[in-house]
Amino acid sequence: MIIEIATEGGFGGIRAAAIRKRIETDGQPQDLRDALCSAFAPRALTQLAGTDCANCPDGLSYRITVIETGQEPQTFTLSERQIPDQMLDLIDRL
């Protein structure tokens with residue numbers, strides 16, 4: 001699985017905080033690979049994207065693309081407030 005993560009927006013759209021990462025899970029240690037595959041599975045991202053965020057303030061949004069072998073890429077756009085802290089920690093760890 002390949003995971004692409006990019007951020008947009010944030011406070012005043014400051015680009016200094018912009019993230020652009022591409023992670024190939026096959027090249028990661030087993031514990032990290034398992035955590036990534038679980039957190040960024042399309043079904044998990046679909047659930048997060050479906051959580052209510054109508055009152056989320058303007059802020060950072062994450063565009064996450066998941067590419068699985070033999071599948072079409074799937075892209076999700078999530079507000080920072082829709083992403084669990086554990087997932088944000090994973091993103092920071094990469």
Side-chain angles (χ1 to χ4, degrees):
M1 173 189 295
I2 296 172
I3 304 164
E4 297 176 342
I5 303 168
T7 57
E8 299 172 343
F11 182 73
I14 296 173
R15 296 184 64 87
I19 296 172
R20 185 170 295 279
K21 298 180 180 188
R22 180 181 172 99
I23 303 98
E24 294 190 33
T25 59
D26 288 346
Q28 304 302 320
Q30 187 66 46
D31 61 332
L32 180 56
R33 180 180 337 150
D34 292 345
L36 289 168
C37 289
S38 175
F40 293 94
R43 69 184 185 303
L45 293 171
T46 298
Q47 287 181 327
L48 291 175
T51 59
D52 181 35
C53 201
N55 294 323
C56 289
D58 289 338
L60 205 57
S61 63
Y62 288 77
R63 189 179 65 249
I64 301 169
T65 301
V66 178
I67 305 164
E68 296 181 286
T69 305
Q71 305 280 331
E72 290 292 321
Q74 297 181 58
T75 300
F76 304 86
T77 301
L78 302 168
S79 165
E80 183 175 33
R81 301 213 52 196
Q82 290 175 294
I83 300 176
D85 290 340
Q86 296 140 321
M87 186 182 245
L88 290 172
D89 290 344
L90 272 175
I91 292 170
D92 288 342
R93 190 172 159 190
L94 300 169

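By convention here, the first residue in the shown sequence is residue 1.
Residues Ile23 and Phe76 share a single hydrophobic cluster, defined by chaining ILVMFWY side chains whose heavy atoms lie under 4.5 Å apart. Taken together through direct or relayed side-chain contacts under 4.5 Å among Ile, Leu, Val, Met, Phe, Trp and Tyr, Ile2 and Leu78 form parts of separate hydrophobic clusters. At a threshold of 4.5 Å between side-chain heavy atoms, the hydrophobic network of Ile, Leu, Val, Met, Phe, Trp and Tyr places Leu94 and Leu45 in one connected group.
Within a 6.0 Å sphere centred on CG of Asp85, other residues, nucleotides and ligands contribute 12 heavy atoms or fewer. Heavy-atom neighbours of Gln86 CD from other residues, nucleotides or ligands within 6.0 Å: at or below the threshold of 12.
Between Asp26 and Arg33, the shortest heavy-atom distance links the atoms O-NH2, 3.8 Å. The nearest pair of heavy atoms linking Ala35 to Leu90 is O-CD1, 3.8 Å. For the pair Pro42 and Glu68, the tightest heavy-atom approach, listed with the atom from each and the gap, is CG-OE1, 3.5 Å. Taking every heavy atom of both residues into account, Ile19 and Thr7 meet most closely at N-OG1, 2.7 Å. Between Arg20 and Ala6 the shortest heavy-atom distance is NH1-CB, 4.1 Å. The two residues Leu36 and Gln28 make their nearest non-hydrogen contact at CD1-CG, 4.0 Å.
Side-chain atoms of Gln82 come within 3.5 Å of backbone atoms of Thr51 as a donor-acceptor pair (strictly under, hydrogens ignored). A donor-acceptor pair under 3.5 Å is formed between the side chain of Thr25 and the backbone N or O of Met1.
In this structure the side chain of Leu48 reaches within 4.5 angstrom of the side chain of Met87, judged on heavy atoms. The shortest side-chain heavy-atom distance between Tyr62 and Ile91 falls under the 4.5 Å cut-off.
Here the straight-line distance linking atom CD of Gln74 with atom OG1 of Thr65 works out to 10.0 Å at 0.5 Å rounding. Considering CG of Leu60 and CD of Glu8, their distance stands at 9.0 Å, rounded to 0.5 Å.
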